[in-house]
Amino acid sequence: MTTPIITAHLGNPDARTMTGYQALGGYQSLRKALKMQRKDIVAEVKTSNLRGRGGAGFPTGIKWGFISPDATDVVLVCNADESEPGTCKDRELIYWMPHQLIEGCLITAYALKAEKVFIYIRGEMMREYKVLMQAVQEATQAGFIGDNVLGSDTKIDLIVHRGAGAYICGEETALLNSIEGRRGEPRIKPPFPAVVGVFQKPTVVNNTETLSNIPHIIEHGGQWFADLGTERSGGLRIVCVSGHVNKPGIYEIPMTMTFRELIEDTCDGVWKNNQIKAVIPGGSSMPPLDVSELDVPIEFDALMSDERIKPVEVKPGVPFDLGGGRKLRTMAGSGGIVVMDHTTDVVSVCSRIIDFYHHESCGQCTPCREGTGWLSKVGKRLARGEGKPGDVDLLSTIAQGIAGNTICALGDAAAWPVLGFITKFREDFENKINNQPKRVS
Amino acid sequence: MPSTFSRSSIDELNHLIDRYPTKQAVLLPALHLAQKEFGYLHHDALKAVAAFLDLSIDHVNGVATFYSMLRQKPSGTNVLRVCTNISCMLRGAYDVLRSFESELKLSPGESNDMFTLVEEECIAACSNAPAVLCGTSYFYNVTPDQVVSIVNDLRDNPQPEYEAMS
Ligand SMILES: Cc1cc2nc3c(=O)[nH]c(=O)nc-3n(C[C@H](O)[C@H](O)[C@H](O)COP(=O)(O)O)c2cc1C
Ligand code: SF4
Ligand code: FES
């Protein structure tokens with residue numbers, strides 16, 4: 001068993017308090033960081049190979065490097081809007097270890113010379129908001145937040161900003177609009193947030209799990225973190241396992257672990273001794289794996305490139321191309337792993353996923369707004385067993401028309417699982433059409 | 001219903017205006033406060049927010065209608081959020097939702113004095129599915145036969161969203 005890093009104290013209520021967290025060595029990394037050169041902190045994080053845990057896996061040190069060292073009005077935003085179906089780690093990190101997150105935010109703010117930090121917490125997370133506010137108050141009283149952090153000339157103001165119910169606000173530019181008091185509609189990129197972010201200022205957006213790792217990287221060094229990971233991805237990562245396993249839960253695992261090992265060993269196998277039908281590898285927007293594809297490590301690059309995973313096809317024989325010759329296989333995404341046993345009606349699951357993205361589309365782009373509606377209509381009738389011949393190809397055609405043609409990745413998030421489910425489980429879709437009771441007269 | 005913010009809300013809003021780089025950015029916190037104080041965001045509540053932050057009523061209305069937690073009609077004391085997204089669906093969430101519907105005699109989206117029933121998207125409790133949220137209380141691994149006791153418990157110990165938070 002690998003020793004967990006950021007989940008080691010989940011379940012221990014003492015770790016939630018300032019006293020308890022400091023007794024575990026908390027805020028020592030902040031003290032250490034404040035004595036370091038800013039550029040050396042960024043360099044440590046680059047060395048660590050930490051990659052963003054919000055979904056895209058973007059290297060954190062490189063993202064920080066986009067901020068000019070001369071910029072004076074940088075803003076740091078922590079994305080705590082967790083709402084991708086299947087993902088349930090950030091909420092636990094906030095609830096059990098709020099100070100770990102705050103310390104990570106403060107170190108990052110110091111490194112980027114950001115005087116404002118926003119933690120954008122999902123509106124529905126009321127219990128976690130309460131815990132976080134208490135922790136922010138403790139950290140302010142202790143002098144970690146304020147005009148003179150620990151007596152230095154470093155100034156950091158930290159604001160916890162509540163969302164109000166909108167999945168799309170997890171998308172970073174929608175989130176920035178939401179902080180500015182606007183509708184949570186994503187912005188066209190470029191410009192990227194590092195150049196024009198919130199309030200037109202250079203902005204870094206990082207996920208809650210990403211930032212929770214920072215104190216540990218500062219404590220033990222970037223190389224230590226890199227060594228725990230794979231060649232291009234440092235550290236451990238949290239996976240959230242749900243669905244038909246005996247021991248669902250959140251587990252901080254090495255990224256060399258395969259899906260099969262995770263499910264069979266860590267999660268004690270599939271419930272009722274059933275067989276596996278499908279596994280969603282990283283939140284509901286990611287194309288599923290079938291039972292023949294589970295010996296692949298749960299790692300960003302492996303999932304995108306491993307030859308054992310079938311490329312997602314739009315029509316039989318035509319692999320879905322991400323551009324640059326990259327075939328879409330699947331991605332590690334947000335770490336939400338959903339296991340479905342052989343009794344699962346995957347058509348209904350696919351239809352439920354479509355309905356979610358349809359419901360959450362912000363409506364700015366026609367392909368996403370209308371396309372998800374059409375997908376929803378066709379998906380629902382297929383799930384009900386009322387599909388028409390040709391409906392499966394119709395789903396592919398609509399999905400293909402959405403993917404790549406929208407302002408933000410929600411369009412892709414709706415299209416990819418549809419294409420993935422059809423590629424891997426076409427027979428299930430066809431059977432839903434062919435096995436309908438035939439009207440005789 | 002002319003609406004004016006209470007003294008403590010005004011103090012809180014002024015404090016936020018000092019900390020946020022623009023007044024407009026205080027809009028979401030202000031809408032949360034307005035909903036807490038006035039129960040829901042009727043036109044007069046929106047007008048009070050717009051006036052306080054020097055924003056147009058159209059902008060305030062546009063933002064208020066974007067977010068699902070901000071309500072244009074009154075809610076019950078307890079807002080019950082029953083997740084039916086995939087992780088919960090795979091472990092019986094639709095049966096749980098149906099039990100709430102019949103126990104409360106409400107369809108999703110409907111309210112009575114005591115309850116509002118919401119069919120919710122993923123509430124980030126997927127490994128404890130099916131999951132239900134009410135205020136600051138989570139109910140994990142819910143089965144249909146637990147629904148009666150959950151409802152009774154919330155009748156006796158209500159969890160109004162905003163009070164539970166402070
Ligand atoms: C539709 C959509 C929803 C997203 N939701 C979240 C979310 O809830 N939490 C999150 O951290 N990132 C989310 N992201 C990713 C963010 O846009 C962003 O990439 C991330 O917060 C960056 O942090 P990281 O580099 O630390 O991963 C979402 C992206 C899209 C397109
Ligand atoms: S892709 Fe969908 S969610 Fe994203 S900006 Fe366009 S309409 Fe909005
Ligand atoms: S799917 Fe129900 S809590 Fe995530």
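Hydrogens, waters and symmetry mates play no part in the numbers below; they use all other heavy atoms, side chains included. Order of the sequence lines fixes the chain letters, A, B, ..., with proteins taken first and strands second; residue numbering starts at 1 for each chain.
- The minimum heavy-atom distance linking B/G135 with A/M126 is given by the pair O-CE, 3.6 Å.
- Under 3.5 Å, the side chains of A/Y129 and B/T136 contain no donor-acceptor pair of N or O atoms.
- Using a distance-only test at 3.5 Å, with no hydrogens or angles considered, no donor-acceptor pair links the side chain of A/R162 to the main chain of B/H32.
- For a residue to count as touching a neighbouring chain, one of its non-hydrogen atoms must lie under 4.5 Å from one of that chain's; by this rule A/V339 touches chain B with the backbone only.
- Side-chain contact check for A/C169 versus B/Y67: some heavy-atom pair is nearer than 4.5 Å.
- Panel note: side chain B/H59, backbone A/G181; a donor-acceptor pair is recorded below 3.5 Å.
- A/T87 touches chain B through its backbone: at least one of N, CA, C or O sits under 4.5 Å from a heavy atom, while the side chain does not.
- In this structure, A/G249 and B/S127 approach most closely via the heavy-atom pair N-CB, 3.3 Å.
- The main-chain N or O of B/V63 is never found under 3.5 Å from a side-chain atom of A/R182 such that the two would form a donor-acceptor pair.
- Interface remark: A/V338 contributes side-chain atoms only to the contact with chain B (heavy atom separation under 4.5 Å).
- For A/H359, the part lying near chain B is the side chain, with the backbone staying farther off; criterion is any non-hydrogen pair under 4.5 Å.
- No donor-acceptor distance shorter than 3.5 angstrom exists from the side chain of B/E121 to the backbone of A/P85, with no hydrogens or angles considered.
- Closest non-hydrogen pair, A/R91 versus B/A125, comes out as NH2-CB, 3.4 Å.
- Options A/K247, A/E360, A/E124 differ in how many heavy-atom pairs under 4.5 Å they form with chain B, and the most are formed by A/E124.
- Only the side chain of A/F118 comes within contact range of chain B, with at least one heavy atom under 4.5 Å from a heavy atom of that chain.
- Chain B forms more heavy-atom pairs under 4.5 Å with one residue of A/G336, A/C362, A/A164 than with any other, namely A/A164.
- Between B/A124 and A/M125, the shortest heavy-atom contact is CB-CE, 4.3 Å.
- A heavy-atom distance below 4.5 Å is found between the side chains of A/M340 and B/L90.
- Of all the listed residues (A/E180, A/R127, A/R352), the one sharing the greatest number of non-hydrogen pairs under 4.5 Å with chain B is A/R352.
- Heavy atoms closer than 4.5 Å to chain B are found nowhere in A/I337, neither backbone nor side chain.
- With hydrogens and angles disregarded, no donor-acceptor distance shorter than 3.5 Å links the side chain of B/S87 to the backbone of A/S242.
- Between the side chain of B/R91 and the backbone N or O of A/G243 there is at least one donor-acceptor pair closer than 3.5 Å.
- Heavy-atom distances place no part of A/K89 under 4.5 Å from chain B, backbone and side chain included.
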**Report entry** Audit row: A/I280, B/I86, side chain to side chain contact (heavy atoms under 4.5 Å, CB included) steps and yes/no
**Finding:** CA-CA 10 Å; A/I280 292 174; B/I86 50 173; 3.6 Å; yes
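- Using a 4.5 Å cut-off between heavy atoms, A/L176 does not touch chain B at all.
- In terms of heavy atoms, B/F66 sits closest to A/I168 at CZ-CG2, 3.8 Å.
- The most heavy-atom pairs under 4.5 Å with chain A, out of B/L53, B/L55, B/T84, come from B/T84.
- At a 4.5 Å heavy-atom cutoff, the contact between B/E120 and chain A is made by backbone and side-chain atoms alike.
- A/E84 touches chain B through its backbone: at least one of N, CA, C or O sits under 4.5 Å from a heavy atom, while the side chain does not.
- For chain B, no part of A/V198 is nearby; none of its heavy atoms comes within less than 4.5 Å.
- Aromatic ring centres of A/Y95 and B/Y138 lie farther apart than the 6.0 Å criterion allows.
- Contacts between B/L133 and chain A at a heavy-atom distance below 4.5 Å involve the side chain alone, from C-beta outward.
- Distance OG/A/S178 to CG/B/L27: 9.5 Å, rounded to 0.5 Å.
- Side chains of B/Q24 and A/F199 form no contact here, defined as non-hydrogen atoms less than 4.5 Å apart.
- Crowding of B/E110 atom CD: a count of heavy atoms from other residues, nucleotides or ligands under 6.0 Å exceeding 12.
- Per-residue heavy-atom pair counts under 4.5 Å with chain B were compared for A/D341, A/I179, A/V75, A/I159, and the maximum is reached by A/I159.
- Listed here is the closest heavy atom pair of B/A25 and A/H161: O-CE1, 3.8 Å.
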